Amino acid sequence: DNPRISGLHYLIKIIKNANEPPSYYLVNDMEEIKISAESITYTLPKRIWGYSSGENESLSLPFKRMDLYYLEQAAINIKKNVGEIIGDNRLHFVDYDTTSALVLSNFLIYGNPNETDDDKINKLKIFKEKFGIEAVVSFRITIRYQYRNKFKMPIDKAVQNFINSLKNHFGITEERRKTDDISINVDLTTGRNFEVFGRMASDAGGLYKYFEKLMLRNRYTIPWERRQKVLYSDDIYSAQNDIGNAPNDEQLFLLDNIMLKMDGVESPVPYESISDGEHQALTIFSLVNLIDEIDVLCLFDEPETHLNPKWKYEYISTINDIQKQKDSHILMTTHDPIFISGLSKEQVILFQKRVHLPTEVPRWSFAEEDLKGKGVDAILKTDLFGFQNTVDQGTSKLIFERRELLLRTENLNDEEKSRLKELTNILRNIDYADPFVDPFFKEFYTRLNNKELYIKRELSDDEKKLRKENADDLFEELSKDLDL
């Protein structure tokens, strides 16, 4: 609502000094505005989702630490009989263990065979078109109130109401003690069992919140002393080994025995049988599919590592097809040129490690040129990757050897002439050999003889620019000489 910043684009700068609360600033090329305490919540994301394809503790641990803090506060509130959990956690981390909840949330809300709402039906198109998943046939949901049959773990009213709805719908009588395990095999071949989940949540994101709160209770299986170490250690990363998962038979909440109806397959297929690449893509696409609010930030660390080249190529366009609203942001890290093809230079940031990097060189910068319209080969030769060429090293050595011989064609001895002929035959089907058939190209390469910037195989950024200028000048000179 501030008229000074309405409609303008700013970066958020956060300064956090030891033992002091953070300070927040809105920054652009023109000014820097300190944000008041009342305005902080309006400048930060309403929700942040994190994902890492590997063990990236620098990303995952802050989320897990917040989970434990959230869990501790919830337990205090429940013990005081305050009622609801302290409000929705704004930080959410998804991984291999949470993917089943993401997938089920989508299918339980949008997969009712009696559904007539086209918008809901279309929500599941991505699963059939990309993965061949037509439906979830069945799954099992297990809820335990006690850990190792000793300690009763707290549970808030909202989640308890969710459990009561399941118990009523599936006929679990109240005669069973509250401490008994609840294990329900959910058959989804008819529409009736979809209805109980649809009554509790109008969209997949709403249902996932229940599953997430139940999954959060699994953190109670971490011994209290270890939870305290993770929560209050000065160095969160030194406590990373203190976060673990209990075996399935000890977890307080579990979704398993998921069976899928796959396109072209007669019998149901176990969810666990899908490949690592499919599982990785399912995690992200299921998550993006259930985000139904604005001002969300997603932090994805190398989400493409197990994908085949075609899926990498289609990845970003697929996300854009799934999520039409543009008021949220995804920040992804990658080392893959296929993954970023088609992006503009403003969308790509290059980070460099400080090792062997002069202090005056910034650790990050925007890409120097757009990647739209470039193939993978060209992207690898940009400043992002710095390849001199993209031919395999063995073939590249042969090309360099042949080129050096060609530059001295008039002064070759018999052995060198024989080697040149041999290299020409070896490289006959390589595109790099073709230009030498053209006299213009041969003359061009000949005139480059003894030019150091052409002979060198590794060049600095400045040398690359200078070599291009030299080549352009030589090309123009050659064109005049040959009257082209």
Side-chain angles (χ1 to χ4, degrees), residues 96-118 120-145 159-176 178 180-215 217-218 248-249 251-274 278-279 282-283 285-286 289-290:
Y96 191 93
D97 295 324
T98 59
T99 305
S100 56
L102 290 168
V103 173
L104 284 173
S105 295
N106 279 280
F107 275 93
L108 289 172
I109 296 299
Y110 307 128
N112 189 332
N114 300 325
E115 184 61 68
T116 58
D117 186 333
D118 288 340
K120 287 189 175 182
I121 295 172
N122 289 334
K123 278 281 194 178
L124 296 182
K125 284 178 61 177
I126 179 64
F127 297 96
K128 182 172 183 178
E129 294 176 356
K130 209 74 175 176
F131 307 98
I133 302 175
E134 295 187 346
V136 174
V137 177
S138 61
F139 71 98
R140 181 175 65 183
I141 181 169
T142 301
I143 302 171
R144 298 183 176 97
Y145 284 89
V159 175
Q160 185 59 58
N161 290 338
F162 175 84
I163 295 172
N164 290 340
S165 295
L166 292 178
K167 289 166 67 176
N168 293 335
H169 181 85
F170 291 100
I172 299 176
T173 64
E174 292 299 326
E175 295 176 1
R176 296 179 60 177
K178 201 173 186 180
D180 284 347
D181 295 348
I182 298 171
S183 184
I184 305 170
N185 291 307
V186 182
D187 178 7
L188 296 176
T189 55
T190 64
R192 178 179 177 275
N193 287 340
F194 286 89
E195 295 171 2
V196 62
F197 299 99
R199 286 194 296 269
M200 290 183 282
S202 60
D203 56 41
L207 181 58
Y208 182 77
K209 287 181 182 179
Y210 286 111
F211 286 151
E212 186 179 44
K213 288 179 179 180
L214 285 162
M215 287 187 291
R217 297 181 72 246
N218 289 330
N248 283 355
D249 60 355
Q251 291 190 24
L252 301 180
F253 177 71
L254 188 64
L255 295 169
D256 64 354
N257 290 2
I258 302 172
M259 302 299 293
L260 307 174
K261 185 181 187 309
M262 304 294 292
D263 183 28
V265 181
E266 186 174 346
S267 301
V269 175
Y271 171 79
E272 292 79 6
S273 67
I274 63 176
E278 290 174 314
H279 199 287
L282 265 175
T283 302
F285 295 158
S286 298
N289 201 48
L290 62 73

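Here the structure is a predicted model, which is why all the values come from computation and not from measurement.
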*When you look at H279 and Y96, which way does the side chain to side chain contact (heavy atoms under 4.5 Å, CB included) test go after all the steps?*
CA-CA 8 Å; H279 199 287; Y96 191 93; 3.3 Å; yes

To the closest 0.5 Å, what do you measure between [atom1] ([X]) and [atom2] ([Y])?
| X | Y | atom1 | atom2 | value |
| --- | --- | --- | --- | --- |
| F131 | I274 | CZ | CD1 | 8.0 Å |
| Q251 | M215 | CD | CE | 10.5 Å |
| Y110 | N289 | OH | CG | 6.5 Å |
| I182 | L166 | CD1 | CG | 8.0 Å |
| L188 | N193 | CG | CG | 6.5 Å |

Between the side chain of [X] and the main-chain N/O of [Y], is any donor-acceptor distance below 3.5 Å?
| X | Y | result |
| --- | --- | --- |
| S202 | G198 | no |
| S273 | P270 | yes |
| N218 | L252 | yes |
| D187 | S138 | no |
| R217 | R144 | yes |
| N185 | R140 | no |

*Can you list the steps and then say if H169 with R199 is a side chain to side chain contact (heavy atoms under 4.5 Å, CB included)?*
CA-CA 11 Å; H169 181 85; R199 286 194 296 269; 3.6 Å; yes

*Set of residues satisfying side chain to side chain donor-acceptor pair (under 3.5 Å) with respect to N112, sequence neighbours excluded*: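 Checked N112 against side chain to side chain donor-acceptor pair (under 3.5 Å); zero matches.
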
*Can you sort out the partners of E115 under side chain to side chain donor-acceptor pair (under 3.5 Å), two or more places apart, ordered by chain and number?*
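For E115 there are no side chain to side chain donor-acceptor pair (under 3.5 Å) partners, ignoring immediate neighbours.
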
Taking only residues two or more places apart in sequence or in another chain, which ones pass ring pair (Phe, Tyr, Trp, His ring centres under 6.0 Å) with [X]?
| X | answer |
| --- | --- |
| F162 | Y210 |
| F197 | none |
| F170 | none |

_salt bridge (charged side-chain N to carboxylate O under 4.0 Å, His left out): pairs with one or both residues in residues 259-273, sequence neighbours excluded_ =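 Every pair satisfying salt bridge (charged side-chain N to carboxylate O under 4.0 Å, His left out) with a residue in residues 259-273: E134-K261.
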
*Under the side chain to side chain contact (heavy atoms under 4.5 Å, CB included) criterion, do Y145 and I163 qualify, and how do the steps go?*
CA-CA 11 Å; Y145 284 89; I163 295 172; 3.6 Å; yes

*Can you tell if the side chain of I141 reaches within under 4.5 Å of the side chain of D256, non-hydrogen atoms only?*
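They are not in side-chain contact.
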
*Going through the checks in order, is the side chain to side chain contact (heavy atoms under 4.5 Å, CB included) test met by V103 and F285?*
CA-CA 9 Å; V103 173; F285 295 158; over 6 Å; no

*Ring centre gap for F127 and F107 strictly below 6.0 Å*: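 Here the rings of F107 and F127 have centres that are less than 6.0 Å from each other.
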
